[in-house]
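Just so it is clear, the model here is predicted, and its values are computed rather than measured. Only this structure's heavy atoms are used, side chains among them; waters, hydrogens and symmetry mates stay out. In this chain, numbering begins with 1 at the start of the sequence shown.
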Amino acid sequence: MRNRGWHKLAVVPLTREAGGTYVSIHLALALARQQHTNVVLMDMDLGNPSLARELGIPGCDSVTDTLRKGRPLADLICTIEELPNLAVLAPGQAEPEAAELLQDEQLAAALGQLGDISTNTVVIMDGAALLGEDAALAGIPLADALLLVADGRNGTSADMAHADRLLVGMPPVMGVVLNKSED
């Protein structure tokens, strides 16, 4: 990502139970352990946020309300005491119009400001399930690159083919994680 000047990586599960949040959290933790890398982990599944619950932290205020008041997204970010290189934006409640919010130019501009924090900052965006949720497709253009998460038990080649068709013209896919695999 650094070699290409990318700062924002969307972790996109193909289906709801593929484990995208699990992968997002563990990737963010691994990157934050690097001394010179700052990580911002963002819950971009705004219609069904789960990062706060999974991390055991209080959820932040509404993204919609924050932007409407003209405040920066940085106001919603909290740091994890045990990992000073990790900051988290984890809404406590679902946004009523998540797909529309993710397409809002004001959100894109606010995310751009987060990416400008430092060249050593990586933003990991935990996204909604690609197959079956409008919010996933709405949020993907906000990223520089994608990491797909497929369910190794219940995912199918048809799911991958469908995802491939949906992602035409979107940011590049860096890779695919086969989660929940028995192998």
Side-chain angles (χ1 to χ4, degrees), residues 1-2 5-13 16 20-29 31-32 36-130 132-147 149 166 169-171:
M1 287 181 62
R2 282 188 182 125
W6 296 341
H7 295 281
K8 296 182 288 284
L9 176 68
V11 177
V12 182
R16 166 97 13 229
T21 298
Y22 176 85
V23 171
S24 295
I25 289 170
H26 289 277
L27 178 59
L29 290 172
L31 290 172
H36 301 293
T37 301
N38 296 314
V39 179
V40 178
L41 176 59
M42 300 181 67
D43 199 331
M44 298 299 282
D45 186 357
L46 298 176
N48 188 26
S50 62
L51 271 180
R53 181 183 71 248
E54 294 296 324
L55 292 171
I57 61 174
C60 67
D61 293 338
S62 162
V63 173
T64 301
D65 291 345
T66 299
L67 294 176
R68 193 173 293 140
K69 292 175 184 174
R71 293 176 31 219
L73 285 181
D75 287 358
L76 299 178
I77 294 175
C78 67
T79 56
I80 304 296
E81 190 173 317
E82 296 82 10
L83 276 170
N85 292 359
L86 178 61
V88 179
L89 189 151
Q93 297 192 17
E95 297 285 345
E97 297 178 356
E100 290 78 6
L101 174 59
L102 289 165
Q103 294 176 49
D104 191 299
E105 290 179 15
Q106 192 175 10
L107 178 63
L111 282 173
Q113 291 171 351
L114 283 179
D116 292 341
I117 293 172
S118 152
T119 57
N120 294 331
T121 300
V122 176
V123 178
I124 305 292
M125 298 186 283
D126 179 36
L130 180 60
E133 296 188 37
D134 293 341
L137 285 173
I140 286 174
L142 298 171
D144 297 321
L146 311 176
L147 179 64
V149 180
L166 290 173
M170 296 290 188

[atom1]-[atom2] distance between [X] and [Y], expressed to the nearest 0.5 angstrom:
{"X": "D75", "Y": "K69", "atom1": "CG", "atom2": "NZ", "answer": "10.5 Å"}
{"X": "I57", "Y": "L51", "atom1": "CD1", "atom2": "CG", "answer": "7.5 Å"}
{"X": "Q93", "Y": "S62", "atom1": "CD", "atom2": "OG", "answer": "8.5 Å"}
{"X": "L102", "Y": "M44", "atom1": "CG", "atom2": "CE", "answer": "5.0 Å"}
{"X": "R71", "Y": "D61", "atom1": "CZ", "atom2": "CG", "answer": "6.0 Å"}
{"X": "N120", "Y": "R2", "atom1": "CG", "atom2": "CZ", "answer": "5.5 Å"}

(Q) Check this for me, if you would: do D45 and R16 make a salt bridge, where the nitrogen-to-carboxylate-oxygen distance has to be below 4.0 angstrom? (A) yes

So, [X] side chain and [Y] main chain: donor-acceptor pair closer than 3.5 Å or not?
{"X": "D126", "Y": "S24", "answer": "no"}
{"X": "H7", "Y": "T121", "answer": "yes"}
{"X": "Q106", "Y": "L67", "answer": "yes"}
{"X": "E95", "Y": "L101", "answer": "no"}

Closest non-hydrogen atom pair, [X] against [Y]:
{"X": "A143", "Y": "L9", "value": "CB-C, 4.5 Å"}
{"X": "G127", "Y": "P13", "value": "O-CD, 3.5 Å"}
{"X": "I77", "Y": "V40", "value": "CD1-CG1, 3.9 Å"}
{"X": "A138", "Y": "A99", "value": "CB-O, 3.5 Å"}
{"X": "V63", "Y": "P91", "value": "CG2-CG, 4.1 Å"}
{"X": "P58", "Y": "A52", "value": "C-CB, 4.3 Å"}

Any side-chain heavy-atom pair of [X] and [Y] under 4.5 Å:
{"X": "L142", "Y": "K8", "value": "no"}
{"X": "L86", "Y": "T79", "value": "no"}
{"X": "C78", "Y": "V88", "value": "yes"}

Q. Which of these passes side chain to side chain contact (heavy atoms under 4.5 Å, CB included) with I25: V11, I124, L41?
A.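 Only one option passes, and that is L41.
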
Q.
The test is side-chain contact (heavy atoms from CB on, under 4.5 Å); show your working for L31 and N85 and say whether it passes.
A. CA-CA 9 Å; L31 290 172; N85 292 359; over 6 Å; no

**Q.** Step-by-step side-chain contact (heavy atoms from CB on, under 4.5 Å) determination, L166 to I140
**A.** CA-CA 11 Å; L166 290 173; I140 286 174; over 6 Å; no

Q) What do the steps show when you test M1 against D144 for side-chain contact (heavy atoms from CB on, under 4.5 Å), and what is the final call? A) CA-CA 9 Å; M1 287 181 62; D144 297 321; 5.6 Å; no

